[in-house]
Enquirer: 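My questions all concern the structure below.
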Amino acid sequence: MLDIKLIRNQTAQVQTALAKRGDYDLQPLLDLDAKQRQVEKQRSDLQAQSNEVGKLVGQKIRQGADPAGDDVKALRASGNEIKQTLSELEPHERELKANIEEILLTLPNLPDDSVPVGKSEAENVEIRRWGDELIAAGRSSLPTYETHYDLGERLGIMNFERAAKVAQSRFVTLIGAGAALERALISFMLERHVKAGYTEIMPPILVNSESMTGSGQLPKFAEDGFKCDRDDLWLTPTAEVPLTNLHRDEILTADQLPINYCAYTPCFRREAGSYGRDTRGLIRLHQFNKVEMYKFVHPNSSFDELEALTRDAEDVLQQLQLPYRVLALCTGDMGFGASKTYDLEVWLPSADKYREISSCSNCVDFQGRRANIRFKASGQKGTQYVHTLNGSGLAVGRTMAAILENYQQADGSVRVPDILQKYMGTETIGAPSSESP
RNA sequence: GGAGAGGUGGCAGAGUGGUCGAAUGCGCUCGACUUGAAAUCGAGUGUACCGAAAGGUACCGUGGGUUCGAAUCCCACCCUCUCCGCCA
């Protein structure tokens, strides 16, 4: 959520920044704001009068006045009169506030000045690449690449048809080494992040609407979520939701910051509006696993923390020896709550291109304000909103896809990345002798 | 799901219609005493909005209501705890 004071006092700057992301007219909001403040002033003045009358009545009665006498009666009448006016102002003010809130909740975050301006993903800017030589080496050793889903089904480690029978399309069942590889990846990633100073969290993965609003999924993106209607509970689309809301409505102390969390959770997305895209394989599923990193930080350090967060995600890919590149997302491609985002894209040889595998964002105070998460510096007056960051570290299913494709061998088997071998207890998946049901 | 109890400031805990944003204790901050510390004593110690300031307004789980006046009375909801049932 944007700061209404900022919108009020620096309208032109906000307008310019928002224009980089789309078409937003702030005038209706400013009109409502002015009206609301005026009504609030009226109401609070009246309230003061009313309190005065109340006090007087109390005083008189305590001094022995007849509670039914004319003196008190007159006061009661004037109290009633004030109350009459108040009863008209109050709902009006409430409505104005609700309208303002409603608009504020639908405005996206302001892009940082360093974010490239652009309309679509075509205008994202490549920042760096890692592992070009691995791509070249792969190309020279294998003439063609099997897709991860053909490979997975051939080896009997994943099954889409049966998953569709059990649930729907866009689900997968992992079998044997497939399931083990997924689990190995989760363990490896979590252990890596814990070593790097993140505290492991296992949060609820059903969350209420307030939580979905706090992190920015609601009210605008209700269509993307799976909802349990009877309970006001949603299946988390990302661990970012429960992690943000862990500290909702809290006032932290400055010395608690930064707080670094990591969490493995399943994630659930309807993928509304993506019919026909990535219909096969592990790339776009309604349910997938993700290890998420999350930071609550001091406003002064959030952009440094974004660099650190991105490096943490990159380290996972480097340890897995998977080629990738880092993109700075342009204003048109960034998520709703982000002020600046780096995407990591992993190399998928069967498609001969890079695909998103991680997204690392600095939301600055956007979620802090929505979820009311503040901190207080000792000796300082007042509170400030914390800055929050989130990053995938990594999307597990997509990592599995990248491993299967990049590590496939001429004999049709897949070599297990060195770092995962101790988790898997094996060096190869689908060795010629292996059988599957 | 059934029966009962309860939700007050960082914590504990008073407060059942009026001057209560809220006693008291603990904690915390600053100061005094001390070579230093402990102990003791003194002062302070919630959040947000409006206002240049003085000051005003709101908040005692949440939302409504009664009243000149609500932490206190009424209604609804949420949450927590205990017992029973069910259950990994």
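Each chain gets a letter, A, B and so on, in the order the sequences are listed, and its residues count up from 1.
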Enquirer: Can you measure A:Ile82 atom CD1 to B:U57 atom C1' for me and round it to whole angstrom units?
Expert: 14 Å
Enquirer: Which whole-number value in Å describes the distance from A:Gln49 CD to B:G69 C1'?
Expert: 15 Å
Enquirer: Does A:Ser50 have a side-chain nitrogen or oxygen under 4.0 Å from the phosphate oxygens OP1 or OP2 of B:G69?
Expert: no
Enquirer: Rounded off to whole Å, could you give me the NZ-to-P distance for the A:Lys35 and B:C49 pair?
Expert: 22 Å
Enquirer: In whole angstroms, how far is the P atom of B:C49 from the CZ atom of A:Arg369?
Expert: 10 Å
Enquirer: Mind checking if A:Lys5 touches a base, just sugar-phosphate, or nothing, with heavy atoms under 4.0 Å?
Expert: sugar-phosphate
Enquirer: Determine which nucleotide pairs with B:U57, using a 3.5 Å limit on both distances of a Watson-Crick or G-U wobble pair.
Expert: B:A48
Enquirer: Write down the distance between CG (A:Asp255) and P (B:G10), rounded to a whole number of angstrom.
Expert: 17 Å
Enquirer: Would you mind reading off the distance between A:Ile4 atom CD1 and B:C50 atom P, rounded to a whole angstrom?
Expert: 10 Å
Enquirer: Taking the minimum atom-to-atom distance to the side chain of A:Arg37, which one of B:G46, B:C50, B:U57 wins?
Expert: B:C50
Enquirer: Determine the contact category for A:Ser78: base if any of its heavy atoms lies under 4.0 Å from a base atom, sugar-phosphate if only primed atoms, P, OP1 or OP2 are that close, otherwise nothing.
Expert: nothing
Enquirer: Taking the same atom, P, in B:C28 and in B:U80, what whole-Å distance lies between them?
Expert: 31 Å
Enquirer: Could you tell me whether A:Arg8 contacts a base, only the sugar-phosphate backbone, or nothing, with contacts defined as non-hydrogen atoms closer than 4.0 Å?
Expert: sugar-phosphate
Enquirer: Just the rounded figure in Å: distance from P of B:C49 to CG of A:Asp3.
Expert: 9 Å
Enquirer: Does A:Arg154 come within less than 4.0 Å of A:Glu146, counting only side-chain N to carboxylate O?
Expert: yes
Enquirer: Could you pick out which residue, A:Glu40 or A:Val53, lies toward the 5' side of RNA chain B when each is mapped onto its nearest nucleotide?
Expert: A:Glu40
Enquirer: Would you say the side-chain atoms of A:Gln84 and A:Asn80 include a donor-acceptor pair closer than 3.5 Å?
Expert: no
Enquirer: Any base atoms under 4.0 Å from A:Leu56, or only sugar-phosphate, or nothing? Heavy atoms, all strands.
Expert: nothing
Enquirer: Here's a test of your reading of the structure: between A:Gln47 and A:Gly79, which maps to the more 5' nucleotide of RNA chain B?
Expert: A:Gln47
Enquirer: Provide the Watson-Crick or G-U wobble partner of B:C26, both distances under 3.5 Å; none if there is no partner.
Expert: B:G10
Enquirer: Provide the distance between the two C1' atoms, one in B:U16 and one in B:U72, to the nearest whole Å.
Expert: 5 Å
Enquirer: Could you tell me the Watson-Crick or G-U partner of B:A5, where both distances fall under 3.5 Å? Say none if there is no partner.
Expert: B:U80
Enquirer: Look at A:Lys83 and B:U67 and indicate whether a side-chain polar atom (N or O) is within less than 4.0 Å of OP1 or OP2.
Expert: yes
Enquirer: Output yes when at least one side-chain N/O atom of A:Arg76 is less than 4.0 Å from OP1 or OP2 of B:G18, else no.
Expert: no
Enquirer: Please classify the nucleic acid contact of A:Asn51 as base, sugar-phosphate, or nothing, using heavy-atom distances under 4.0 Å.
Expert: sugar-phosphate
Enquirer: Are A:Phe160 and A:Tyr149 close enough that their ring centers fall under 6.0 Å?
Expert: no
Enquirer: Rounding to the closest angstrom, what is the interatomic distance between B:G17 and B:A22 at atom C1'?
Expert: 15 Å
Enquirer: Phosphate oxygens OP1/OP2 of B:A48: is one of them under 4.0 Å from a side-chain N or O of A:Arg374?
Expert: yes
Enquirer: Please round to the nearest 0.5 Å and tell me the distance separating atom OH of A:Tyr294 and atom OG1 of A:Thr199.
Expert: 14.5 Å
Enquirer: Using both distances under 3.5 Å as the test, list the Watson-Crick or G-U wobble partner of B:C87, or none.
Expert: none
Enquirer: Decide, yes or no, whether a salt bridge links A:Glu191 with A:Lys195 under the criterion of side-chain N to carboxylate O below 4.0 Å.
Expert: no
Enquirer: Which value, in whole Å, describes the distance between the C1' atoms of nucleotides B:G42 and B:G61?
Expert: 37 Å
Enquirer: Enter the distance from A:Ser78:OG to A:Glu52:CD here, rounded to the nearest 0.5 Å.
Expert: 10.5 Å
Enquirer: Could you measure between the two P atoms, the one in B:C41 and the one in B:G25, and give it in whole Å?
Expert: 11 Å
Enquirer: Which pair of heavy atoms, one from A:Leu309 and one from A:Gly391, lies closest together, and at what distance?
Expert: CD2-N, 3.8 Å
Enquirer: Please state whether the rings of A:His286 and A:Phe171 are parallel, tilted or perpendicular, taking 30° and 60° as the class boundaries.
Expert: tilted
Enquirer: So what's B:U16 paired with, Watson-Crick or G-U wobble, going by both distances under 3.5 Å?
Expert: none
Enquirer: With sugar-phosphate meaning primed atoms plus P, OP1 and OP2, does A:Lys41 contact a base, only sugar-phosphate, or nothing at under 4.0 Å between heavy atoms?
Expert: sugar-phosphate
Enquirer: Which whole-number value in Å describes the distance from A:Gln256 CD to B:G10 P?
Expert: 13 Å
Enquirer: In Watson-Crick or G-U wobble terms, both distances under 3.5 Å, what is the partner of B:A39?
Expert: none
Enquirer: How far does the C1' atom of B:A70 sit from the matching atom of B:C75, given to the nearest Å?
Expert: 15 Å
Enquirer: Using the side-chain heavy atoms of A:Ile61, tell me which of these nucleotides is nearest: B:G18, B:G64, B:A48.
Expert: B:G18
Enquirer: Partner lookup for B:U67, please. Criteria are Watson-Crick or G-U wobble with both distances under 3.5 angstrom; report none if nothing qualifies.
Expert: none
